[in-house]
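Report on the following structure.
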Amino acid sequence: MKIQIAVLLSGRGSNFKAILNAIQTKYIMNAEISLVVSNNIDAPGLVYADVKNIETLYMDKSLYNDRESFDRVIIERLQKKRIDLVCLAGYMMLISPCFVNAFKNRIMNIHPSLLPSFPGLNAQKQALECGVKVAGCTVHFVDDHMDHGPIIAQSVVIIEDNDTEDSLSKRILEEEHRIYPEAVKLFVEKRLLVEGRKVKILGR
Ligand code: GAR
């Protein structure tokens with residue numbers, strides 16, 4: 001049985017494409033993306049999934065009174081599809097504790113900073129404004145707090161004096177496309193062991 005992956009996204013979907021490409025080129029073996037969920041009907045990532053004949057689910061937030069009832073519909077669909085791993089890839093909604101509990105240590109997120117620095121929106125801009133010399137990206141398991149859970153992988157990007165938000169974001173994104181598939185591969189190969197806040201990588 002292949003490991004079943006769901007991707008949740010809100011926009012462009014370049015990280016989704018990077019993971020899909022890693023599966024198609026067999027960098028990640030024995031896995032498939034069987035569902036893409038979005039809260040944005042116009043998300044290019046959702047459109048791309050459709051083109052690739054991957055099942056999609058659009059969730060209209062305005063139809064739900066609260067985050068939990070919204071998430072319960074997603075959880076039900078994920079469980080029905082027997083999803084093993086949920087990848088948040090530019091999913092700009094907070095997920096509720098019931099979602100985290102239903103998929104404990106099975107939800108990953110990518111964030112464009114070296115967490116725990118600069119969680120939240122515009123992480124690259126936050127890094128530039130703070131004057132730090134290195135930025136980067138982080139893949140982590142999701143817990144009840146935003147951009148917070150146990151860290152699986154990070155990559156460092158040196159900040160240059162003339163960097164703009166755009167130029168820095170571009171270099172960080174290249175690293176995102178490298179480390180997110182790497183983290184998914186480790187999960188699929190059952191090589192990630194979570195111990196408290198630490199993630200051990202087995203067989204290294
Ligand atoms: C990526 O840079 C990702 O790290 C970021 O959104 C972008 C989505 O791009 N996620 C967060 O900021 C999460 N807090 P993509 O749609 O092209 O993958």
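When reading the values below, keep in mind they use all heavy atoms of this one structure, side chains included, and skip hydrogens, waters and symmetry mates.
A pairwise comparison of heavy atoms in Pro119 and Pro116 identifies CD-O, 3.6 Å as the closest pair. Residues Cys98 and Asp71 approach most closely at SG-CB, 4.5 Å, considering heavy atoms. Scanning both residues, Ala123 and Ser113, for their nearest heavy atoms gives CB-CB, 3.9 Å.
Rounding to the nearest 0.5 angstrom, the gap separating the CD atom in Glu182 from the CD1 atom in Ile201 is 8.0 Å. The CG atom of Leu63 lies 4.0 Å from the CG atom of Asp60; values are rounded to the nearest 0.5 Å. Rounded to the nearest 0.5 Å, atoms CD1 (Ile74) and OG (Ser69) are 10.5 Å apart. One distance of note links CD of Glu68 with OG of Ser96; it measures 5.5 Å at 0.5 Å rounding. To the nearest 0.5 Å, atom CZ of residue Phe103 and atom CD1 of residue Ile83 are 7.0 Å apart. Atom NE2 in His177 sits 3.0 Å away from atom OG in Ser14 (nearest 0.5 Å).
In this structure, the side-chain contact (heavy atoms from CB on, under 4.5 Å) partners of Asn21, at least two apart in sequence or on a different chain, are Thr25. With sequence neighbours excluded, the residues satisfying side-chain contact (heavy atoms from CB on, under 4.5 Å) with Glu129 are Lys125. Residues passing the side-chain contact (heavy atoms from CB on, under 4.5 Å) test with Asp163, sequence neighbours excluded: Leu128, Ile159, Glu160, Ser167, Leu168, Arg171. Partners of Asp166 under the side-chain hydrogen bond (donor to acceptor under 3.5 Å, both in side chains) rule, at least two apart in sequence or in another chain, do not exist in this structure. Taking the salt bridge (Lys or Arg N to Asp or Glu O under 4.0 Å) definition, one finds that Glu189 meets it with Lys185, Arg191, sequence neighbours left out. For Arg106, the salt bridge (Lys or Arg N to Asp or Glu O under 4.0 Å) test picks out no residue, with sequence neighbours left out. Contacts of Phe70 classified as ring pair (Phe, Tyr, Trp, His ring centres under 6.0 Å), with partners at least two apart in sequence or in another chain: Tyr64.
Taking the side chain as every heavy atom from C-beta outward, Ile3 and Ile28 never approach each other to under 4.5 Å. With contacts defined as side-chain heavy-atom distances shorter than 4.5 Å, the pair Met59/Val37 qualifies. Looking at Leu173 and Pro112, their side chains never come closer than 4.5 Å, going by heavy atoms from C-beta outward. Met108 places none of its side-chain heavy atoms less than 4.5 Å from the side chain of Val86. Two residues are said to be in side-chain contact when any heavy atoms from C-beta on lie closer than 4.5 Å; Ile5 and Cys87 meet this criterion. Side-chain contact between Cys137 and His111: absent, with no pair of heavy atoms (C-beta onward) separated by less than 4.5 Å. Between Leu9 and Val36 there is a side-chain heavy-atom pair separated by less than 4.5 Å. Here the side chains of Val199 and Leu186 are not in contact, with every heavy-atom distance at 4.5 Å or above.
The number of heavy-atom neighbours closer than 6.0 Å to CE of Met146, taken from other residues, nucleotides and ligands shown, is above 12. Within a 6.0 Å radius of CG in Leu121, no more than 12 heavy atoms belonging to other residues, nucleotides or ligands are found.
Under the 4.5 Å side-chain heavy-atom criterion for ILVMFWY residues, a single connected hydrophobic cluster contains both Tyr180 and Leu192. No single ILVMFWY cluster, assembled from side-chain heavy atoms under 4.5 Å apart, contains both Val132 and Val134. The cluster map of Ile, Leu, Val, Met, Phe, Trp and Tyr, joined by side-chain heavy atoms under 4.5 Å apart, puts Ile110 and Ile172 in different clusters. Hydrophobic clustering, with ILVMFWY side chains joined whenever heavy atoms are under 4.5 angstrom apart, keeps Met29 apart from Tyr27. The hydrophobic clustering, which links ILVMFWY residues whose side-chain heavy atoms are closer than 4.5 Å, places Phe16 and Phe187 together.
Under a 3.5 Å cut-off, the side chain of Asn109 and the backbone N or O of Val142 do not form any donor-acceptor pair. Judged purely by atom type and a 3.5 angstrom limit, Gln24 has no side-chain atom pairing as donor or acceptor with the backbone of Ala22. A donor-acceptor pair is defined here as one N or O able to donate and one able to accept, closer than 3.5 Å; such a pair exists between the side chain of Asp84 and the backbone of Gln4.
Under 4.0 Å is where a charged nitrogen must lie from a carboxylate oxygen, and between Glu174 and Lys170 no such pair does.
Exactly one of Ile179, Ile33, Ile19, Val139 qualifies for a side chain to side chain contact (heavy atoms under 4.5 Å, CB included) with Val184. That residue is Ile19.
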Using a 3.5 Å cut-off and no angle test, enumerate the donor-acceptor pairs between side-chain atoms of residues 88-95 and protein atoms at least two apart in sequence or in another chain.
none

Residues 148-157 side chain polar contacts: donor-acceptor under 3.5 Å, at least two apart:
residue : atom : partner : partner atom : Å
His148  : ND1  : Asp143  : OD1          : 3.3
His148  : ND1  : Asp143  : OD2          : 2.6
Gln154  : NE2  : Leu115  : O            : 3.0
Gln154  : NE2  : Thr138  : OG1          : 2.9
Ser155  : OG   : Glu175  : OE1          : 2.6
Ser155  : OG   : Arg178  : NH2          : 3.2

Give every donor-acceptor pair under 3.5 Å between a side-chain atom in residues 44-58 and any protein atom, sequence neighbours left out.
residue : atom : partner : partner atom : Å
Glu55   : OE1  : Lys81   : NZ           : 2.9
Glu55   : OE2  : Arg77   : NE           : 3.3
Glu55   : OE2  : Arg77   : NH2          : 3.1

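For residues 193-204, the salt bridge (Lys or Arg N to Asp or Glu O under 4.0 Å) pairs, not counting sequence neighbours, are Glu195-Lys200. Listed by first and then second residue, the ring pair (Phe, Tyr, Trp, His ring centres under 6.0 Å) pairs that reach into residues 118-141 come to none, sequence neighbours excluded.
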(request) Please report the C-alpha distance between Lys80 and Glu76 in whole Å, then the side-chain angles of each, then the deciding distance to 0.1 Å, and finally whether the salt bridge (charged side-chain N to carboxylate O under 4.0 Å, His left out) criterion is met. (result) CA-CA 6 Å; Lys80 204 167 146 201; Glu76 206 173 292; over 6 Å; no
